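Treat the numbers as computed from the prediction; the structure is a model and nothing was measured. In the text below, chain A, chain B and the rest are named by the order of the sequence lines, each starting its count at 1.
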Protein chains: 2
Amino acid sequence: MTEPKPLSQAARIRAALLQQIDGGLLRPGGRLPSERALAELFATTRITLKEALGVLEAEGRVYREERRGWFVAFPRLEYAPLHGNHFQRMADAQQRAAETRLLGVETVLASPELCRALEVPPLSSLWKIRRQRSLDGRVALYVEHFLRPERFPDIQGQDLSRSLTELYRRRYGIEYAAAVFDILPAAAQGRVAQALMLAEGSPILLVRRVNRDAAGATLDCDYEYWRHDAVRLRVDSPAAAAAN
Amino acid sequence: MTEPKPLSQAARIRAALLQQIDGGLLRPGGRLPSERALAELFATTRITLKEALGVLEAEGRVYREERRGWFVAFPRLEYAPLHGNHFQRMADAQQRAAETRLLGVETVLASPELCRALEVPPLSSLWKIRRQRSLDGRVALYVEHFLRPERFPDIQGQDLSRSLTELYRRRYGIEYAAAVFDILPAAAQGRVAQALMLAEGSPILLVRRVNRDAAGATLDCDYEYWRHDAVRLRVDSPAAAAAN
DNA sequence: GCTTTTATTTGACCTAGTCCAAAGGGATGG
DNA sequence: CCATCCCTTTGGACTAGGTCAAATAAAAGC
């Protein structure tokens, strides 16, 4: 068996931190020592230290909040998009504390992409609802909902920090019946970065969903920007669901 | 309207490179000037230059091959996992050149995770097939297939660089009938990093699929490690498929 | 006890390099 | 024409700092 190649300094630091985490000494949500303190502890520079943290971050083991610190990651939320997107219920089922904070409501002009996604004519107006979702006290998800206003008159007067699914059903008699998802890695910009407490350009996981009613008409389009250590998507084909 | 905050140097470099790419001056697959050349061009350090490239990378606009250079990204492959995973067909449908290279075949002891996924007893033996997939001449995906050997006797004697879907059907009379997918961001390690031409710890998108036959029995488990600029997953609920 | 102010801590961003090992290209020899 | 060797180029990894602005904590005042 060939001798394993020597670990880089960053790799050794990563391994040492992982040992502390896996050994239960650093708990989910617990803050790591500062970059400067860790650099001193490992007798290295902050550049090398950040390299090690960056790998742990890519692995989903730690996360950062811009200018606040590095923290040990929580377990990923299991998100089965084909089985509904009721955030509170998903969290409850997985013993997680969920919170939703409404950031804003406004009408916007639909971008060409949104016009195509929602099948509305150019220059259409849409409701834009911005919400920040947390799990166990830390921000995990930022969502921008784009709603067709003719389907949801007077929505700005409702309590939009609660479930939109339930609001649609109770107030408008509208039920989600189908959805299409696009899933891809992306980078946090502007308000997204801000809402997720990330630096501009930080990697995230984007889930875009276009929802329809039973008649097949579009209802809304949601852009879900997930911290990528926060979620694990599970998708099953129909027959698989029957087999389980 | 508030004055936009001044861009960082890295952000300005990112914007300038993006302008060259969006203006058609740098083409998909085309190599960027070296880090040193770009650092000189923008009168900055390689550290700052790499910061800018890192953001473009997270956005899926450029990609790197370790010690070979930075390149302009190709369009993402649209991958609808619920509608089959025939790589060649997907690529053909999107005017992309696909290639598959067999890296190795061996029998391995199933890990606990694989025992659970494939519902086999502890200490089970599995076939492990490793393949590297390219689009338009560049590596986009590395896959590790784990097969139940009793379902696929003598598979090591087959041409494993071609479609496994077709091989299962023709040689073994077995058809995929259902699948469950787990999708999450991860970090490239060891052979994964090597096969994808990435440095250890680079971010990737992991798609794990457990496939079953018509009777619901497990067939194999695939780990798909995607360069995260290479793919866009599309998933639709059954009713949505009917509406389209 | 709450609000405001001040000080400290935090990660972000940057400079200016060095050295290393892998990859690629060119030259040489058979 | 192919293989081998050598040289150059490439990104990876690292050092040793610096400054900035946002966040937090502590102190002071009411």
Side-chain angles (χ1 to χ4, degrees), chain A residues 3-15 30-58 62-71 137-139 187-190 193-203, chain B residues 3-15 30-58 62-71 137-139 187-190 193-203:
Chain A
E3 208 172 77
K5 75 182 184 182
L7 284 178
S8 64
Q9 181 122 330
R12 286 203 295 276
I13 296 168
R14 169 199 165 271
R31 189 211 283 239
L32 298 179
S34 72
E35 288 181 4
R36 290 169 179 84
L38 286 170
E40 197 173 345
L41 182 76
F42 289 105
T44 189
T45 65
R46 281 182 56 216
I47 300 292
T48 301
L49 193 277
K50 284 167 79 79
E51 184 63 36
L53 289 173
V55 174
L56 282 170
E57 183 181 37
V62 302
Y63 67 93
R64 79 177 90 181
E65 286 186 358
E66 192 185 6
R67 300 183 215 276
R68 294 174 180 87
W70 289 87
F71 304 82
R138 80 102 181 196
V139 177
Q189 308 292 350
Q194 212 164 23
L196 292 173
M197 294 179 180
L198 286 167
E200 295 267 340
S202 299
Chain B
E3 208 171 76
K5 76 180 183 180
L7 284 179
S8 65
Q9 180 120 335
R12 286 204 295 277
I13 296 169
R14 170 198 164 272
R31 189 209 283 236
L32 299 179
S34 71
E35 286 180 5
R36 289 173 180 82
L38 285 169
E40 199 174 341
L41 182 76
F42 290 104
T44 189
T45 66
R46 277 183 60 215
I47 300 291
T48 300
L49 194 275
K50 284 166 80 79
E51 185 63 36
L53 289 172
V55 174
L56 283 170
E57 182 180 38
V62 301
Y63 67 93
R64 76 177 91 180
E65 289 187 355
E66 193 184 7
R67 300 186 216 273
R68 296 175 181 85
W70 289 87
F71 304 83
R138 80 95 180 204
V139 178
Q189 308 291 352
Q194 212 163 23
L196 292 173
M197 295 178 179
L198 287 166
E200 294 268 341
S202 299

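- The side-chain tip of A:Arg138 points at the ring of A:Tyr63 from less than 6.0 angstrom away and within 45° of straight on.
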Contact pattern, 5' to 3', of nucleotides 15-21 of chain D - B, S or - by protein heavy atom under 4.0 Å:
BB-B--B
Please determine whether side chain to side chain contact (heavy atoms under 4.5 Å, CB included) holds for the pair A:Arg12 and A:Phe42, giving the CA-CA distance in whole Å, both sets of side-chain angles, and the decisive distance to 0.1 Å.
CA-CA 10 Å; A:Arg12 286 203 295 276; A:Phe42 289 105; over 6 Å; no
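- Note: CD (B:Glu66) to P (C:dA23) measures 8 Å, nearest angstrom.
- Of all heavy-atom pairs spanning A:Leu53 and A:Val62, the tightest one is O-CG2, 3.9 Å.
- Distance CG (A:Leu49) to P (C:dA12): 12 Å, rounded to an integer number of Å.
- Rounded to 10 degrees, the angle separating the terminal axes of the helix from C:dG1-D:dC30 to C:dG30-D:dC1 is 20°, with each axis obtained from five end pairs.
- Heavy atoms only, all atoms of each residue included: B:Ala39 and B:Leu49 are closest at N-CG, 3.9 Å.
- For the pair B:Phe42 CZ and C:dT15 P, the interatomic distance rounds to 13 Å; values are reported in whole Å.
- Between the CD atom of A:Glu35 and the P atom of C:dT8 there is a distance of 21 Å, given to the nearest Å.
- Taking only side-chain nitrogens and oxygens, A:Arg68 comes nearer than 4.0 Å to OP1 or OP2 of D:dT24.
- As a whole-Å value, the separation of A:Leu7 CG from D:dG12 C1' is 15 Å.
- Rounded to whole Å, the distance from CZ on A:Arg64 to C1' on D:dA22 is 15 Å.
- Atom C1' of nucleotide D:dG11 and atom OH of B:Tyr63 are separated by 15 Å, given to the nearest angstrom.
- For the pair A:Glu51 and A:Ala10, the tightest heavy-atom approach, listed with the atom from each and the gap, is CG-CB, 3.9 Å.
- With hydrogens and angles ignored, the 3.5 Å screen pairs no side-chain donor or acceptor of B:Arg64 with any backbone N or O of B:Ala199.
- Along DNA chain D, the nucleotide nearest A:Ala10 and the nucleotide nearest A:Arg31 are compared for position; the residue whose nucleotide lies closer to the 5' end is A:Ala10.
- Closest of all the heavy-atom pairs between A:Val55 and A:Arg14 is CG1-CD, 3.6 Å.
- Look at A:Lys50 and you'll find a side-chain N or O under 4.0 angstrom from OP1 or OP2 of C:dA12.
- Counting to the nearest Å, the C1' atom of C:dT10 and the CE atom of A:Met197 are 14 Å from each other.
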